[in-house]
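Read through the structure below, which is laid out as structure tokens, and then see the notes.
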Amino acid sequence: QVQLVESGGGLVQAGGSLRLSCAASGRSFSSYVMGWFRQAPGKEREFVARISWTGVTTYYADSVKGRFTISRDNAKNTVYLQMNSLKPEDTAVYYCAAGRVAGRVADDFGSWGQGTQVTVSS
């Protein structure tokens with residue numbers, strides 16, 4: 001198991017940028033696939049991005065491709081989500097997750113953070 005704590009959320013105007021961080025504690029962070037999900041009010045949790053344990057392979061939801069970048073620093077046990085050109089529809093609670101498979105659904109990830117709120121105003 002790995003424990004995850006997100007930070008970096010906040011209020012930003014449309015077109016702006018934010019960088020989310022997810023700090024992990026526990027063993028073997030570098031062996032986990034890391035992902036970001038988000039959940040808007042009244043909606044299901046949705047996949048945003050994932051990154052392989054090496055950091056070489058990334059995958060994005062179509063809705064964020066070209067605007068968001070996921071990265072990781074295994075020496076710091078941290079994964080990041082750089083969000084550019086933000087839109088009001090990006091408003092959600094963003095969750096960091098760790099898993100053992102390169103999945104795109106919540107059930108593929110066994111460890112979750114508490115979430116950080118991102119609000120994009122128009």
Side-chain angles (χ1 to χ4, degrees):
Q1 283 285 346
V2 61
Q3 291 75 48
L4 305 172
V5 179
E6 302 95 335
S7 61
L11 173 65
V12 63
Q13 289 188 334
S17 298
L18 280 175
R19 189 175 83 152
L20 305 183
S21 299
C22 174
S25 59
R27 302 177 69 176
S28 304
F29 168 79
S30 61
S31 68
Y32 285 91
V33 173
M34 298 300 297
W36 286 96
F37 286 74
R38 66 187 181 186
Q39 188 166 18
K43 295 188 177 182
E44 294 187 354
R45 191 169 299 191
E46 66 171 352
F47 170 81
V48 173
R50 73 163 186 260
I51 188 167
S52 63
W53 63 274
T54 62
V56 170
T57 304
T58 58
Y59 187 85
Y60 298 91
D62 287 344
S63 58
V64 307
K65 200 173 296 182
R67 301 188 298 122
F68 290 11
T69 302
I70 188 171
S71 61
R72 68 191 296 165
D73 185 338
N74 286 341
K76 295 183 178 179
N77 282 9
T78 302
V79 63
Y80 305 96
L81 186 69
Q82 178 66 44
M83 305 186 295
N84 298 330
S85 302
L86 282 161
K87 305 174 181 180
E89 50 263 45
D90 294 318
T91 295
V93 177
Y94 282 71
Y95 297 90
C96 174
R100 295 295 192 182
V101 297
R104 289 182 291 165
V105 297
D107 286 347
D108 292 329
F109 294 83
S111 299
W112 292 84
Q114 82 290 348
T116 185
Q117 177 70 47
V118 171
T119 303
V120 184
S121 63
S122 56

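Residue indices begin at 1 and follow the sequence shown. Basis for what follows: all heavy atoms, side chains included, without hydrogens, waters or symmetry-related copies.
At a threshold of 4.0 Å, the pair Lys65-Asp62 counts as salt-bridged, since one of the basic side-chain nitrogens sits closer than that to a carboxylate oxygen. Of the charged side-chain nitrogens involved, at least one lies within less than 4.0 Å of a carboxylate oxygen, so that Arg67 and Asp90 count as a salt-bridged pair.
To the nearest 0.5 Å, atoms OG (Ser121) and CD (Gln13) are separated by 5.0 Å. Remark: Arg45 CZ to Phe37 CZ distance equals 8.5 Å, nearest 0.5 Å. If you take OG1 on Thr69 and CG on Leu81, they are separated by 8.0 Å, rounding to the nearest 0.5 Å. Atom-to-atom distance recorded for Gln1:CD and Ser28:OG is 12.0 Å, nearest 0.5 angstrom.
Smallest separation of non-hydrogen atoms from Phe109 and Gly35: CE2-N, 3.8 Å. Closest of all the heavy-atom pairs between Leu4 and Ala24 is CD2-CB, 3.7 Å. Nearest heavy atoms, Ala92 versus Ala40: CB-N, 3.8 Å. Of all heavy-atom pairs spanning Val120 and Thr91, the tightest one is N-OG1, 2.9 Å. The two residues Trp53 and Ser30 have their closest heavy-atom pair at CB-O, 2.9 Å. Nearest heavy-atom pair, Val79 versus Met34, reported as atom, atom and distance to 0.1 Å: CG1-CE, 3.9 Å.
Counting only heavy atoms from C-beta outward, the side chains of Val64 and Arg38 approach each other to under 4.5 Å.
Ile70 is connected to Leu86 through a chain of hydrophobic side-chain contacts under 4.5 Å among Ile, Leu, Val, Met, Phe, Trp and Tyr, so both are in one cluster. Residues Val93 and Phe47 share a hydrophobic cluster, clusters being chains of Ile/Leu/Val/Met/Phe/Trp/Tyr side chains in contact below 4.5 Å. Residues Val48 and Tyr59 fall into different hydrophobic clusters, defined by Ile, Leu, Val, Met, Phe, Trp and Tyr side chains chained together at heavy-atom separations under 4.5 Å.
Under the 3.5 Å distance criterion, with hydrogens and angles disregarded, a donor-acceptor pair is assigned to the side chains of Ser31 and Arg100.
Screening Phe68, Tyr80, Trp36, Tyr95 for a side chain to side chain contact (heavy atoms under 4.5 Å, CB included) involving Leu20 leaves a single residue, Trp36.
Using a distance-only test at 3.5 Å, with no hydrogens or angles considered, no donor-acceptor pair links the side chain of Glu6 to the main chain of Thr116. Not a single donor-acceptor pair under 3.5 Å links the side chain of Arg19 to the backbone N or O of Gly8.
Within 6.0 Å of CD on Glu44 lie no more than 12 heavy atoms contributed by other residues, nucleotides or ligands.
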Working note: Ser21 + Lys76, criterion side chain to side chain contact (heavy atoms under 4.5 Å, CB included); need CA distance, chi angles, decisive distance, verdict.
CA-CA 11 Å; Ser21 299; Lys76 295 183 178 179; over 6 Å; no

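Judged by a 6.0 Å distance limit and a 45° cone about the ring axis, Arg72 is positioned over the six-membered ring of Phe29.
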